[in-house]
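Take a look at the structure below.
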Amino acid sequence: MSGEKEQWFGPGETARRVGVTTKALRVYEREGLVVPHRAESRWRLYGPTQIARLHQIVVLRDLGLSLKSIKKLVGDHPRLRDILRLQRETLESQQDKIKRAIAIIDVALCQIHEGRDLSLDELAILTKETLMQQPADKKKFLARFEALIAEQDPTGQASRTFDEIKKEYDGDAHKVALKALMEEASRLKEVGDVNSEAAKEFVRRVRSRTAGIRRSTSQAEQELIRDAYTKTLAEAQARSESLWFDPAVLEFFRQVAQGMKERGELN
DNA sequence: ATTCTCACA
DNA sequence: TGTGAGAA
């Protein structure tokens, strides 16, 4: 083909051209990502194929991929699109982690601000409660939830409503407030009286917060979303996936609201 | 300016 | 996932 002879470089020159250290080259070799040729002298020699592969390795590494995943990717013939999708997912999950950490700090700061001094032990408990939840499962749950809504939603109106609800509750302040609400709900549910004044008061309070959403959403859409939720929950439980909320608490308040409706205590 | 191994972060 | 030391 071309008159140009194949060029072979020693470790130093190769490292310089690829933008890594010779140490790194040998780590990649140890992990089975590149196999350089050897001169009689036992010196490593890197040719065009090796250099090309090294370039692939460094670009994937700069994306934050582990050597182990890079090994799988360069060995196979992956579409760049698939690599980027994969990496996007892991970055998103890291982002979730950071967001949860911030939420924990916000809750702690909030309590300190109120004059309540947290011990490290209490912070540890807070961390366990908030950080231990599985972001992957949560995302999976929400994705399935949305998919089921879309399935039964020819006009797309219910999906738009769901999007709005998600946006509405996406802020950190809302998340902290929501967490407080869930804790209160959990305590009320432990009491177990669906007709207690406290439970009914709680329902009224939550409904007043969500009045706007309910007003702008048709009965049919609300039912559609409810159905999708029930199905998603059933599927998740069938796979015994962990959830970040307690479905029993929601069911408890569904009963409270049901009772109130039957007695005409709700509009 | 290279090889290898080992300890260390 | 690399780095630095030390011997060859």
Side-chain angles (χ1 to χ4, degrees), chain A residues 1-109 112 118-143 172 241-242 244:
Chain A
M1 302 289 274
S2 94
E4 194 141 6
K5 272 199 199 150
E6 288 197 337
Q7 293 196 59
W8 295 85
F9 303 100
E13 176 70 5
T14 306
R16 195 187 57 72
R17 299 175 81 103
V18 177
V20 295
T21 61
T22 56
K23 291 295 205 178
L25 289 182
R26 305 187 55 182
V27 171
Y28 302 152
E29 184 179 343
R30 192 179 68 207
E31 301 304 321
L33 280 83
V34 263
V35 183
H37 285 188
R38 292 297 186 137
E40 306 277 331
S41 57
R42 299 290 301 150
W43 283 24
R44 290 168 175 78
L45 290 175
Y46 298 84
T49 27
Q50 285 81 12
I51 305 252
R53 164 146 309 187
L54 284 169
H55 276 123
Q56 294 178 350
I57 293 168
V58 302
V59 62
L60 292 176
R61 185 206 55 186
D62 288 346
L63 240 36
L65 288 169
S66 69
L67 292 188
K68 195 188 268 188
S69 12
I70 293 177
K71 182 176 183 178
K72 281 189 240 167
L73 292 175
V74 295
D76 211 347
H77 32 260
R79 298 287 310 274
L80 177 59
R81 191 193 57 195
D82 299 325
I83 297 175
L84 294 179
R85 283 214 181 120
L86 192 74
Q87 189 53 7
R88 185 171 215 290
E89 279 172 26
T90 78
L91 286 174
E92 271 175 359
S93 103
Q94 287 168 8
Q95 193 173 39
D96 286 347
K97 271 206 181 85
I98 292 171
K99 278 188 179 162
R100 282 201 312 284
I102 290 173
I104 291 167
I105 290 173
D106 282 347
V107 172
L109 281 177
I112 290 167
L118 285 173
S119 70
L120 281 179
D121 283 344
E122 289 172 305
L123 186 60
I125 292 168
L126 191 63
T127 305
K128 275 211 178 67
E129 283 175 358
T130 319
L131 209 60
M132 287 288 285
Q133 56 184 233
Q134 298 297 312
D137 283 350
K138 178 170 178 174
K139 273 175 44 184
K140 196 168 163 190
F141 185 96
L142 285 178
D172 284 342
E241 280 167 17
S242 62
W244 71 99

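Just so it is clear, the model here is predicted, and its values are computed rather than measured. Proteins get letters first, then strands, A, B, ... in listed order; numbering begins at 1 in each.
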Sidechain-backbone polar pair: A:R53 side chain, A:V74 backbone, donor-acceptor under 3.5 Å: yes

Separation of the P atoms in C:dA8 and B:dA1, to the nearest angstrom: 23 Å

Sugar-phosphate only, base, or nothing, as touched by A:T21 at under 4.0 Å among non-hydrogen atoms: sugar-phosphate

Residue that, paired with A:L33, satisfies side-chain contact (heavy atoms from CB on, under 4.5 Å) out of A:E29, A:R30, A:E31: A:E31

Heavy-atom closest pair, residues A:T21 and A:A15: C-CB, 3.8 Å

Closest contact, heavy atoms only, A:K71 versus A:G32: CE-O, 4.1 Å

Side-chain N or O of A:Y28 closer than 4.0 Å to phosphate OP1/OP2 of C:dG2: yes

Atom of A:Q50, atom of A:V35 and distance for their closest heavy-atom approach: NE2-O, 3.5 Å

Closest listed nucleotide, where the reference is the side chain of A:L67 and the choices are B:dT2, C:dT1, C:dT3: C:dT1

Distance in angstrom units between A:L65 CG and C:dT1 P, rounded: 10 Å

Under 4.0 Å protein heavy-atom contact, by nucleotide of nucleotides 4-9 of chain B - B base, S sugar-phosphate only: BB----

N/O donor-acceptor pair under 3.5 Å between A:T14 side chain and A:G10 backbone: yes

Distance in angstrom units between A:L25 CG and C:dG4 P, rounded: 15 Å

